[in-house]
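Here is how names work: the chains are called A, B, and so on, in the same order as the sequence lines, proteins then strands, and each is numbered from 1. Computed from a predicted structure; not experimentally measured.
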Amino acid sequence: MEWVLFALIALPLGTTLVFMLIPSRYSQLVRYTALAAAAAMFLMSLLVFIRYEFEGGSGLRFDLQLDWLENIAFLGENGITLHLAVDGIAAPMVLLTGIVILAGVFISWNIDYRNKDYFILLFALVAGVFGVFVSQDLFFLFFFYEVAVLPMYLLIAVWGASSNFGTFVRTKEYGAMKLVLYLVAGSVLIFIAIFATFTEAGQGTFDLPVLGEATYGETFQKTFFPFYMIGFGILAGLWPFHTWSPDGHVAAPTAVSMLHAGVLMKLGAFGILRVGIGLFPEGAQFWSPVLMTLGVTGALYGAVSALGQKDLKYMVGYSSVSHMGFVMMGLASMNSIGVTGAVLQMFAHGVMTALMFANVGAVYDQTHTRDMTAFGGLANKMPRHTAFWTIAGLSSLGLPGLAGFIAEIHIFVGTFQAGYYWAGALGILAAAITATYILRMLASAYFGPFNERWASLKEMRFREQSASVLLIFFIVFMGMWPKPFIDRISETVNNLPGIG
Amino acid sequence: MIPIENFLVLSAILFSLGMYGVLARRSAILIIMSVELMLQAVSINFIAFAVFLYPDQFRGLIFAIFVITIAAAEVGLALAIVLRLFRNRATANVDEVDILKW
Amino acid sequence: MTYEEGIFYVVAVVTVAGALGVVLARSVVHAALFLILALLSVAAVFILLSAEFLAIVQVLIYGGAVTILVLFAMMLTRVRDLPQPSDGAQRPFAALAAGAFLGISVLAAVATDWPGETEKITVVTLNELGEALFRTWAIPFEIASLVLLVALIGGIILARSEEGE
Amino acid sequence: MDDLNLQWSLLAPEYILVGWAGMVVLLDLFWGGLRKDQLGYVAAAGALAATLVSLIWINDDTDFANLIQINNYTTLFRVFFGLIGFFAILASARYVRDRLLHAGEYYALILLAVVGANGMAASGELLTAYVSLELLSFSLYVLVSFAKFDHRSNEGGLKYMLLGAFSSAILLYGIGLIYGVTGSTHFAEIGAQLTGDTSSFDMALFLGLALIIAGLGFKVAAVPFHMWTPDAYEGAPLPVTALVAAISKAAGFALFLKLFAEAFLPLLDEWRLFIAVLAAATMILGNLVAIQQHNIKRLLAYSSIGQVGFLLVGIAALSPEAGSALVLHLVGYVITNLAAFVCVIIFYNWTGKEEIEEYAGLAERAPFVALSLSVALFSLAGMPLFAGFATKFILFQAAAQEDLLWLAGVAVLMSFVSLYYYLTIVRQMYLGKPEEETRFPTPWLEYGVLATLVAGVFLVGLYPQPLFDVVEQGTAVIFSGSQAAGAVGKP
Amino acid sequence: MGEVWLIPAIPAAAFVALLLFGKYLPRRGDWLAIGAIAASFVIFFPVLIDLLDNLDQPDFTGGGRAWEWVSLDAFNIQLGFHVDQLTIVMLAVVSFVALMVQVYSVAYMRGDPRYGWYFAMMSFFAAAMLTLVLADNLLLLYVAWEGVGFGSYILIGFWHERRSAAEAAKKAFITTRIGDVGLLIGIILLWREAGTFDISEIFEFAEGGGYSAEYLTLAVLLLFAGAVGKSAQFPLHVWLPDAMEGPTPVSALIHAATMVVAGIYLVARMLPLFELADPVALSVVTAIGLTTVMMSVTMGLTATDIKRVIAYSTLNSLGLMMVALGSGSVTAAMLYLFAHAFFKALLFLSAGSIIHATERQDLTELGGLSSKMPVTSVVFGIGALSMAGIFPLAGFWAKDEILNVSGDNQNWVVYVFMMLSVFITALYMTRLFVRTFTGRPRNHHAQEHAHDAEPMMTVPLLLLAALTLVGGFVAFGSVGEALGFPGGFGEFVFLEEAEAFHFPWDVAILSTLIAIGGIAAGVYFWSGEAAPARRAAQSLRPVYRTLANNYYLDDAYQWVINHVVLAGGAVIGWFDRNVVNDTAVDGSAGLGVFAGFGMKFLETGKLPNYALAISLGVIVISIVFLVVSV
């Protein structure tokens with residue numbers, strides 16, 4: 001079974017090559033190739049999730065190690081290896097990626113302008129994402145991290161949309177440039193921290209398990225944990241380094257927003273957990289109050305800003321900031337409940353925000369506006385679409401029975417258990433505010449008397465519906481039966497260093 | 001006998017004067033001349049070291065020979081370029097050639 | 001002070017004077033003439049260092065070839081018509097820099113106690129020199145010839161006027 | 001001073017190059033029928049031949065008259081320079097045919113430049129090194145001003161030439177002082193001399209060292225000795241720019257590394273900080289100013305200055321690890337840079353334009369070139385999948401190993417800055433609207449060259465192990481001596 | 001009988017089935033929903049019997065059973081069910097009223113485009129409410145609690161094309177949600193110390209003195225916040241009157257049986273903790289309850305929408321229950337809840353048939369319907385009298401009980417206010433009845449076709465009316481024993497010790513007199529052309545307007561929302577865009593660009609400058625070298 005992780009990375013990359021061979025005029029062929037590849041990825045990720053065996057504590061599953069660079073310069077045995085494996089944290093993330101890319105391909109179906117190049121970049125991005133989640137080597141984790149960021153630029157700048165909000169304008173070039181530069185700026189910090197880590201560890205290898213064994217001075221940990229925290233945090237939308245995210249969403253094409261908010265932002269949180277906390281538990285302990293504060297601030301701030309938005313994508317973008325704030329709270333709680341909750345939230349938010357963007361895209365394609373006040377009573381024309389929206393919204397406001405609740409309750413409980421009463425309380429308040437803006441949006445855009453201006457509106461296309469249904473299935477599944485997720489995650493989390 | 005320092009100081013003076021020339025002069029030809037002065041200083045250095053300190057291997061002398069040779073070639077090439085410049089732009093003043101900047 | 005020292009100082013003063021002329025003379029032609037002076041006196045310095053062979057080389061290559069070349073160039077570029085003065089705007093900085101460097105290098109020259117014999121000159125015979133030059137130092141010699149070749153090619157290509165010029 | 005090894009065959013590659021250069025000139029003179037680009041292919045064959053021949057001495061370790069050392073280091077760089085010449089010539093063929101006079105001399109000069117570069121890498125002694133350096137520089141002076149009637153080429157050549165002479169005078173003065181205090185010009189002997197107590201002649205020694213740093217700094221274009229670079233690059237005919245960017249830097253660093261590893265390593269702790277500061281200044285200035293450029297040649301010039309800063313990191317962190325990392329990055333960088341320049345050349349051959357705005361919509365008109373250029377630029381910015389990421393990562397890690405984490409940090413920050421201006425080019429190509437929709441004609445040869453280089457970029461980026469093995473064997477030898485002296489890196 | 005879980009499970013299953021296949025079923029599957037809730041109602045009896053058989057066992061859980069849902073060391077959520085006397089009462093009420101309402105709905109909702117969807121949601125709502133009642137741990141209770149909230153959101157906004165409905169649904173959900181913030185925090189606080197969500201275990205822990213007094217007080221008050229939201233107590237009561245936008249049966253279900261009493265149930269359930277906590281906790285409960293009572297009764301005087309008036313009466317009742325709980329008497333509260341369920345459902349459903357018949361629901365357009373709708377008028381009258389607390393209707397006994405306990409356990413102020421509320425209640429219920437059924441029709445053509453509704457709707461009315469008549473007697477010990485209970489209601493449902501039914505005549509007579517007085521006054525004021533009422537309104541104009549505008553509370557909240565919350569959102573949004581992003585982020589980027597702009601002018605293009613740079617470089621390096629190294 002080891003091959004499966006390698007295949008997860010190789011398949012998208014290979015597909016990009018296949019795309020290059022297809023003459024660009026066969027756009028339909030391109031689409032079906034993409035669909036086939038995405039389906040394959042989805043199935044493989046599902047396989048990874050299901051076939052995850054439970055013996056062996058924190059042990060890595062599907063462990064595969066390919067030499068890349070070793071016995072050279074400062075690199076010793078296994079200096080840098082393509083070390084692929086999943087643990088209980090990575091497994092749900094892999095699944096998430098599989099889900100979102102499949103849905104994303106469905107949503108991208110109606111892209112006509114140079115769709116071949118579009119899919120090439122999209123799949124390169126996905127390869128990077130898979131790579132980050134399954135890498136057990138610090139070098140490759142970072143390698144794939146950048147791979148995942150870079151294609152964003154063209155994806156947004158070429159296929160995105162500029163929008164004019166009257167008082168201000170956000171061009172797609174701006175959004176794309178800011179997004180990429182901001183994220184790479186974050187990786188600068190990571191870069192530095194990695195150098196320091198390797199030197200301090202003195203193991204002559206970037207292999208994460210080995211680095212995990214190494215001992216790091218306490219001051220060293222305290223010094224360099226913030227590098228990881230902020231460096232990865234930027235990608236995770238950590239307040240106040242989040243502004244790339246809403247603008248990026250507004251500029252990005254639908255599927256890219258889905259991947260970006262659904263998966264890419266998770267890379268950041270994942271990095272903090274896997275690298276930051278995994279290597280520097282004491283540093284994490286030391287900085288957790290800060291992380292908690294930032295997380296709570298982000299959660300509230302994002303929710304309140306979302307409350308102030310008229311543009312659907314801005315609203316969802318800020319809600320992402322808010323929800324990633326919850327993830328940060330979970331991580332900062334530094335106990336198994338909270339951290340498990342954080343990972344759950346990563347999955348839950350990934351699925352539901354992807355669903356939200358899919359819906360925004362569906363209505364934007366037809367109306368070419370995202371101003372919620374311009375709509376009204378769309379439920380009459382698009383009942384299913386409305387239902388999807390409602391489910392996504394309810395999940396994000398933490399309605400029991402949907403994914404969001406499971407994740408958030410863990411986070412809140414964890415936060416309280418860690419003794420951050422104020423933080424927990426504010427977090428729960430933020431969840432209530434979430435309810436406010438979600439329901440306001442639904443009430444103004446989808447309910448109430450129908451706005452005749454949209455008389456020509458049609459229900460979502462079948463492909464879009466199937467994408468939504470796919471996502472909803474997992475929202476409900478996790479909401480109803482979270483055990484499979486919790487078991488996998490908590491098993492690993494409990495074995496993390498410094499998680500009490 | 002004359003101590004080595006004298007020669008070294010002399011070469012230092014020559015070199016500095018050459019440097020001044022390069023920095024201060026406008027005409028490319030004058031700059032080339034100044035460079036020649038600097039190279040003279042270098043040769044004096046080399047020879048002095050060779051004959052005073054390391055006469056057994058006298059690499060300095062060899063060095064000096066090559067310095068002179070190459071200096072000559074340098075002058076030739078440089079002048080050719082200056083000439084070309086003059087043909088193109090009717091000037092040999094280096095501060096007038098600044099289309100390339102920023 | 002011995003007579004050798006006397007000679008040295010005379011030569012040195014002439015050399016410096018020539019150099020000063022090169023860098024200060026208002027007319028390029030004068031500068032060129034000063035250069036010749038400086039070069040010849042440097043040749044004299046070589047003799048004082050009992051490196052006669054180099055002195056000869058110096059006189060031949062510089063006193064001959066180079067200066068002639070320079071003068072030719074001046075005629076070709078009619079530098080006489082160049083607007084005066086021939087000094088650039090950054091003269092003070094130049095003086096400053098040169099002065100600073102002078103200080104440093106003189107300091108280095110004086111403050112260092114040079115290893116080995118610093119008072120007595122050992123004469124190197126011409127045959128030793130030739131021997132070394134063509135045996136030990138054959139490689140640089142060959143490369144140097146290539147350098148000259150390149151300079152030659154460059155000179156020809158750049159200097160000669162194409163048809164239609 | 002007897003029993004020197006005078007086995008001339010050791011110099012076969014250089015003889016081949018020189019001979020070939022002469023042949024090319026003569027062909028040009030006496031065979032009018034030969035098309036100028038075909039002449040180029042002949043010359044390229046020469047470079048290739050020399051490269052192949054130099055492979056004979058793999059794992060050999062001998063020297064010619066104590067001046068030229070033939071060992072893995074030399075072989076590595078002979079091959080490297082040979083290939084640079086090869087690709088440069090191929091890339092120039094069409095350009096020379098359409099835009100330059102004296103094709104024969106042009107190619108001959110490139111070949112001679114390669115000879116000079118080989119000399120710099122091979123020589124174990126200052127005089128030889130200096131003469132080779134001048135050979136390289138002279139060839140480049142001429143080549144830069146090769147477009148006789150182009151004022152910019154002319155001006156670039158003038159500045160390059162005069163400043164070059166000035167700086168080599170400074171370099172010589174430094175060499176003189178070093179010679180004065182150590183009594184030798186052989187790297188190894190100098191190193192041996194400096195291992196002991198140097199306090200008696202520190203003055204001259206450090207002045208000399210400073211001057212040598214300045215002189216070499218000029219050749220590799222380190223701030224503040226870099227100022228000729230943008231002008232020379234912009235002025236020179238495009239293929240020459242490519243050549244200068246590649247070979248003068250490569251050779252400069254070959255010498256820099258060898259000299260400092262074999263001769264000045266004992267003084268490491270004295271000069272490390274200076275080089276580090278130079279490196280920082282270089283990368284900061286290069287990358288920040290590059291943001292402001294609108295001419296692609298000038299932009300690449302500044303970006304190359306930035307790259308010099310990164311390479312200097314390797315010198316600052318001088319250690320066997322850093323040495324090999326430096327060479328690795330050097331190779332990766334040169335390949336990438338050549339790829340970028342080939343793209344620019346192709347575009348110039350089509351349109352005769354070199355402003356960045358004019359690249360608008362290139363992705364529409366020539367997807368392959370646009371893609372390759374993007375790849376090259378991202379590689380320069382140090383993005384993964386491409387050479388830049390792996391090599392930079394290892395180089396900076398090496399610096400971190402030597403307690404230069406701050407420098408590594410600056411370097412990473414600056415390569416992040418560089419991403420910005422590379423992206424602006426990518427934006428032009430992919431977002432700009434082309435003035436006309438028609439596809440450009442396909443120049444197969446250039447595309448072939450480009451494809452090879454891009455493949456190289458990916459190879460180095462995705463699996464550097466073989467290259468790294470070679471590089472490490474190459475650099476091991478230059479540290480062997482000092483390791484004996486027990487002065488490698490820090491305790 | 002260990003299958004308690006079936007009671008919520010069956011409606012839940014029905015919901016899923018309807019959701020998936022509803023549109024393919026005959027009659028859109030309404031029979032399925034009704035069948036499901038009926039089944040639950042049937043299963044209720046064995047459970048009841050089972051409980052009665054085992055009353056003596058202290059640790060009897062009524063055949064509850066638990067599945068692990070979420071489990072992670074200290075934190076685990078059980079799908080656990082638990083039955084005790086309290087639960088049983090709630091079960092009876094909920095399942096029965098839900099059944100009635102759904103039967104009623106078949107006719108009421110006939111022909112609605114989303115008929116099937118309606119019944120699906122009804123099943124969901126019932127299932128959620130039953131789970132809430134049966135939950136044996138707080139987190140499951142919270143889950144069901146939220147489920148109920150969601151159900152109400154959908155049902156209130158069922159006719160979402162109506163702006164008002166959409167808004168009302170939103171308002172209901174968000175308002176209750178605000179209370180839930182407190183609830184969840186409270187639950188987690190309780191968990192953090194006790195390490196369990198299981199209610200009984202938490203009780204044990206608390207009795208063991210596990211919580212410090214302040215901590216416990218804080219926790220229970222937070223729980224109470226949840227109850228305030230759900231049970232529409234002041235200041236979160238504003239959603240309830242608007243919730244009338246839903247279909248009338250929904251209003252009946254929400255107000256009579258389920259949603260709003262959830263809060264009461266929660267407090268009753270957790271009352272032991274309130275007792276253990278600082279006394280201030282119970283005082284808060286009383287105060288809130290009393291405030292609610294007084295506000296609602298007064299507002300009931302002026303509201304003109306028939307359903308609104310009933311809604312205010314609901315607030316009124318809920319307030320009373322809270323006061324009862326505040327007085328520490330589960331018995332009184334639950335007795336009232338029990339009775340209230342019937343007569344309130346009755347009132348709503350009959351109001352529903354009025355609306356159904358006249359398509360009007362504004363008092364100013366109704367009147368004189370008694371002739372046209374005799375049955376309705378009668379049952380409505382029964383309900384109204386019960387609400388007013390007239391002997392011997394269910395309402396009387398229940399209200400009496402509350403008056404007793406408040407008399408015993410509260411100071412006289414509370415008592416006085418209670419009596420006052422009794423008067424006003426009677427007053428506005430009379431008004432409602434008089435304006436609706438007596439006098440001359442004010443809007444003829446609205447009433448031309450008005451007539452009693454079809455049996456499908458009247459049967460539930462009659463059943464409820466019957467229960468309203470006799471329901472109160474369960475208070476009597478004898479009745480209870482006759483039914484197989486150990487004794488009267490008080491000996492069945494109690495907190496510490498069973499209290500046999502005692503009947504202080506003074507209170508009874510006093511309250512009855514007051515009520516009758518209220519009725520008389522009402523007749524005086526509003527009969528005929530209601531001239532006295534208008535005069536009163538004239539003379540007390542400011543008071544009148546205040547009441548008519550619900551004490552301006554909605555306006556105040558609206559103002560806060562517009563000028564604080566939304567404005568805050570806009571401000572933060574602006575801040576984020578202009579300060580955080582355009583200034584901080586773009587600014588720092590701009591710095592780099594600007595630095596480049598400055599530096600590029602070093603490249604003057606003049607060769608001498610370049611040479612100067614080189615020389616200066618040389619000089620600086622050498623000087624530093626010489627200074628540092630020599």
Inset, instruction - Applying side chain to side chain contact (heavy atoms under 4.5 Å, CB included), run through Leu300(D) and Ser304(D) and close with a yes or a no. - result: CA-CA 6 Å; Leu300(D) 285 171; Ser304(D) 79; over 6 Å; no
Output side-chain donor-acceptor pairs under 3.5 Å for residues 63-77 of chain B, partner residues at least two apart or in another chain, one line each.
unit_1	atom_1	unit_2	atom_2	d
Thr69(B)	OG1	Ile65(B)	O	2.5

Legend entry - Lys219(D) side chain vs Leu255(D) backbone, donor-acceptor pair below 3.5 Å: no
Inset, instruction - Count the heavy-atom pairs under 4.5 Å between each of Ile31(B), Val35(B), Leu8(B) and chain D, then report the option with the highest count. - result: Val35(B)
Inset, instruction - Specify which of Ala50(B), Ser43(B), Ala80(B) makes the most heavy-atom pairs with chain D at under 4.5 Å. - result: Ala50(B)
Legend entry - Residues Glu125(D), Arg59(B): salt bridge by 4.0 Å N-O rule: no
Legend entry - Arg26(B)/Glu96(B) ion pair, N-O < 4.0 Å: yes
Under a 4.5 Å cut-off applied to non-hydrogen side-chain atoms, are [X] and [Y] in contact?
X	Y	value
Phe146(D)	Leu101(D)	no
Ile212(D)	Leu259(D)	yes
Leu61(B)	Ile47(B)	yes
Glu155(D)	Arg89(B)	yes

Inset, instruction - Pick whichever of Glu134(D), Gln293(D), His151(D) has the most heavy-atom pairs under 4.5 Å with chain B. - result: His151(D)
[X] versus chain D, the contacting section by heavy-atom distance below 4.5 Å:
X	result
Val22(B)	side chain
Ile81(B)	both
Phe46(B)	both

Inset, instruction - Tell me yes or no: between the side chains of Glu189(D) and Ser184(D), is some donor less than 3.5 Å from an acceptor? - result: yes
Inset, instruction - Say whether Asp231(D) and Tyr160(D), considering side chains only, have a donor N or O and an acceptor N or O under 3.5 Å apart. - result: no
Heavy-atom contact with chain B under 4.5 Å, split by part of [X]:
X	result
Ser153(D)	neither
His186(D)	both
Ser145(D)	side chain
Gln292(D)	neither
Val289(D)	neither

Legend entry - Per-residue contacts, residues 162-176 of chain D versus chain B, heavy atoms under 4.5 Å: Leu162(D), Ala165(D), Phe166(D), Ser168(D), Ala169(D), Ile170(D), Leu172(D), Tyr173(D), Ile175(D), Gly176(D)
